[in-house]
Every structure is written in structure tokens, then in C-alpha cells.
Participant: 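Could you have a look at this structure, given as C-alpha cells, before my questions?
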Protein chains: 2
Amino acid sequence: MFLATATNSLDAKGRISVPADFRAVVSDGGFEGIVLWPSVHGGFLEGGGMALLQDYQRLIDNMDPYDDARMAFERSIFAESRRLSFDGTGRVTLPKDLAEYAGLEKQATFIGLGRRFEVWNPDSYQSQADAARLMARENKHRLRLVGRAPLRAPSDEPRS
Amino acid sequence: MFLATATNSLDAKGRISVPADFRAVVSDGGFEGIVLWPSVHGGFLEGGGMALLQDYQRLIDNMDPYDDARMAFERSIFAESRRLSFDGTGRVTLPKDLAEYAGLEKQATFIGLGRRFEVWNPDSYQSQADAARLMARENKHRLRLVGRAPLRAPSDEPRS
DNA sequence: TTGAATACCATAAAATCCCATGCTATCCCG
DNA sequence: CGGGATAGCATGGGATTTTATGGTATTCAA
């Protein structure tokens, strides 16, 4: 699972260290590296290991061949994504167009989001994070762990 | 289940012993350590084992992919949380930013809350606990309603 | 041959491992 | 019941390894 956030530097050759925790996660897909693509949600990158891509593949296989969403999916993820392998010390070289798309220059922030991660310009991310925190607080009631929760009155988590 | 509370010391390197009871609980997720994140409810930390995070993962997986709240949760839970593994004697190293967020210096109090736990500055927790007790006393008449199931339980109706 | 991409080496800082010690609760046996 | 042995726990410090990052060499192709 991709967790935590870390900000690392891009060097003159466009190389950047992938956080060690993330490297440990992607080692399962059989490919020593990550996959990155420009996000359809905004000016940042999304990524994961090969295992994630295989999950998406399986998802798409189950969609109707002429479903619009399917084609959008195929185009926006598979067609746009790059396979970047680690060098000896766990860095990848960021293709120029991806760096440009996400506005990455000196540094980049890796954000762990469970199954996948995102790569942001550090400054742009800050405001995102603040907004997310606010919204999470306002919607906290939706995070109840109903699956394994014992039978109890519908009051909120006993945050005492 | 995380139960009871314990106060342990932070050493010069930022290490702190996780209460032995808690260590026994988290061993299930396959990862020998805990996960901690800054609470959105106040200046303290929340934590649990990997199993708890997997529960959240499952919950989020079932939300609409385009739901704004979903992204907010991903960002405020996965992105903010840290995976801290035990050393040989059951300690973890508290990242500086987390310690700072919760105002932890010499000591920290672990509070078991069943499925998860919290980590507080001992002083803050004390005053918070006092306030909670006071509020509980002032509102004790409301407590009668809390334990009750929404559709009335067979045992607790006075049945005049 | 020149440029770009890739592999290899070096280093400082940070995280991790490993061993030692005092304390406390528990057990066991007289 | 008592007192010593024992095991588990919290804590301290030094040694070792990993990580992030910079630079240099080498390969490959145009």
C-alpha cells in the first residue's frame, strides 16, 4: 500500500529518487520500476506499479468493447503511461513532457494514496492538501467502518 | 482490540516504546509495526495496524470514483499516514513533523480505543479527559439513550 | 562523432539494527 | 507466606546500513 508523502529533488538530468517505501510496494509486479501517466483530473501525474496496471486491465476486460468509458480509460491510462525503471539507487528519469505537464522543476512530491500514488509540484499540492483536510472533516461520518462494526446505536465514532 | 492507556518516554532520537499490549494487536496485518496519522479532529495522532488501513481502503474502494469526498479521504488518510516499524525491542521512531503536530516532547500517552488508538501529549490529554468527564456528568441523563439499539432492545424497556 | 540515455561510483545524512541495563510483575519453592 | 529467581518490558547508546543525491564513465544510435 502506498502511504505517506515525500518531497524529493529532480537533478539536472531529470532523475528523481522514488521514496524507498514506494519501491518496496512495486516490487511485486515483476518489473523493477514504476508506471506514470498524466492525470485526467488536473496538472499532476498518477502512478503505481505494474500490478496496478494489471488491475486496470482486468477492469477494462470486463467492460463492453464499445463502451465510451472503456475507450476513454484505454486512451487516458494505457496510451499515456510510461514505464520507468529504477537505476541502481532507486531513481527514475522523468520524461520531459511529463515533468512539464505537472510543472515539475526542482522538486516533486510523491503522495501515497493506497493503491496508487500521485506526483505533484510541491507548491501546488499544499493547497490541495488543506482543502482535502477540511472536506474530510466535514464528511467524517461517511467513514464509519460498517463492515466489521459491532451492533450499536447509530451515533458517531466514540471520539472521546 | 486496543485497550487501556499508557504513557511512555520519547528519547533523544525520537524513539518511543509502543505498549506491549498494542504490539500484540497489530501483528495481524502482516506488517510488524503501526500506522500513525495526524488527527483531523485536533492536535493529536491517530493510529492502528495495517489491518485498520485495509478496512479504510475497502471502504474507500466502494465510494464513487468521482466523489470529491473520496479524494479528500484518500488525501487525508493515506497521504498523511506513516508506516512505522518496530525495532528489536518494540519501539518506533516518531517522525519530527508528527511529534510536532501533537506537541510531543518528553513523553506521549497511548490511548486504546478498540479498533484504533490515539497518541497525545500527556498534559493535553489530562485536561481533555477532565473536560470529557465533566461533560459526561452534566449530560448523564442523555447516556441512557446511547446504548440502546434503534429498534428497541427486548431487555431495556421499563414497560409500564 | 555527437548527443542522449544508461550504468557505475562516491558521500553525507538519516534511519535502522544490535547490545546493555534497570525495573517490575510473576512464578516457584521452601 | 516470603523471598529469591525469572521473564518481559521500557529505555539508553553505539555501530551499521540504507537512502537520497551528486558526479563520472560507458554504451548505443543517429
Side-chain angles (χ1 to χ4, degrees), chain A residues 2-27 31-36 47 49 81-100 104-112 117 119-122 125, chain B residues 2-27 31-37 45 47 50 81-100 104-112 117 119-122 125:
Chain A
F2 297 105
L3 291 181
T5 88
T7 299
N8 291 341
S9 342
L10 270 157
D11 69 15
K13 291 197 243 172
R15 295 178 301 183
I16 189 168
S17 289
V18 176
D21 290 353
F22 286 22
R23 299 203 296 263
V25 175
V26 297
S27 59
F31 162 66
E32 283 296 303
I34 59 175
V35 178
L36 278 185
S81 61
R82 309 291 180 73
R83 195 189 304 216
L84 309 177
S85 49
F86 298 138
D87 70 7
T89 63
R91 285 178 295 196
V92 297
T93 304
L94 216 52
K96 284 191 193 61
D97 55 330
L98 285 187
E100 198 171 319
L104 307 175
E105 291 175 15
K106 292 257 161 294
Q107 297 195 304
T109 301
F110 289 81
I111 295 126
F117 60 85
V119 184
W120 286 70
N121 174 303
Y125 182 66
Chain B
F2 300 106
L3 293 178
T5 90
T7 299
N8 291 340
S9 341
L10 270 158
D11 68 16
K13 290 196 229 173
R15 293 178 301 183
I16 188 168
S17 288
V18 176
D21 295 351
F22 287 23
R23 299 204 295 264
V25 176
V26 297
S27 57
F31 162 67
E32 283 295 305
I34 59 175
V35 178
L36 278 184
W37 65 94
L45 310 178
M50 274 303 284
S81 61
R82 306 292 183 74
R83 195 197 229 121
L84 308 177
S85 47
F86 298 138
D87 69 7
T89 63
R91 285 177 296 194
V92 296
T93 304
L94 217 51
K96 284 190 195 62
D97 55 330
L98 286 188
E100 195 172 319
L104 307 175
E105 290 175 16
K106 292 259 160 292
Q107 296 195 305
T109 303
F110 289 80
I111 297 125
F117 60 85
V119 184
W120 286 70
N121 174 306
Y125 180 66

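Here is the naming used below: chain letters follow the sequence lines, and residue numbers restart at 1 for every chain.
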Participant: Could you give the CZ-to-P distance, from A:R15 to D:dG23, as a whole number of Å?
Facilitator: 9 Å
Participant: Taking C-beta and beyond as the side chain, do A:V119 and A:F110 meet within less than 4.5 Å on heavy atoms?
Facilitator: yes
Participant: Take atom CG of A:D21 and atom C1' of D:dT19, then tell me their distance rounded to the nearest Å.
Facilitator: 11 Å
Participant: Can you find a side chain N or O atom of B:R23 that sits less than 4.0 Å from OP1 or OP2 on D:dA10?
Facilitator: yes
Participant: Quick check: does any side chain N or O of B:N8 sit under 3.5 Å from a backbone N or O of B:S17, one acting as donor and the other as acceptor?
Facilitator: yes
Participant: Can you find a side chain N or O atom of A:S9 that sits less than 4.0 Å from OP1 or OP2 on D:dT21?
Facilitator: yes
Participant: Distance check needed: D:dT19 P versus A:I16 CD1, whole Å only.
Facilitator: 16 Å
Participant: Just call it for A:S17: base, sugar-phosphate, or nothing, with non-hydrogen atoms closer than 4.0 Å on any strand.
Facilitator: base
Participant: Could you tell me how far apart A:L94 (CG) and C:dA4 (P) are, to the nearest whole angstrom?
Facilitator: 17 Å
Participant: Taking the nucleotide of DNA chain D with the nearest heavy atom to each, does A:K13 or A:N8 sit closer to the 5' end?
Facilitator: A:N8
Participant: In whole angstrom, give the distance that lies between atom NZ of A:K106 and atom P of D:dG22.
Facilitator: 10 Å
Participant: Would you call B:K13 and B:D87 a salt bridge, taking side-chain N to carboxylate O under 4.0 Å as the test?
Facilitator: no
Participant: Could you check whether A:D87 gets within reach of a base, just the sugar-phosphate, or nothing at all, counting any heavy atom under 4.0 Å?
Facilitator: nothing
Participant: NA contact type, B:V18, heavy-atom cut-off 4.0 Å: base, sugar-phosphate, or nothing?
Facilitator: sugar-phosphate
Participant: Provide, to the nearest angstrom, the distance between the CZ atom belonging to B:F22 and the C1' atom belonging to D:dC9.
Facilitator: 15 Å
Participant: Please check this pair: side chain of B:R23 against backbone of B:V18, looking for a donor-acceptor N/O pair closer than 3.5 Å.
Facilitator: yes
Participant: How many Å lie between CZ on B:F86 and P on C:dT16, as a whole number?
Facilitator: 13 Å
Participant: Expressed as a whole number of angstroms, how long is the span from A:D11:CG to C:dA5:P?
Facilitator: 13 Å
Participant: Using a 4.0 Å heavy-atom cut-off across all strands, classify A:T89 as base, sugar-phosphate, or nothing.
Facilitator: base
Participant: Does B:L104 reach the side chain of B:L45, with side-chain heavy atoms less than 4.5 Å apart?
Facilitator: yes
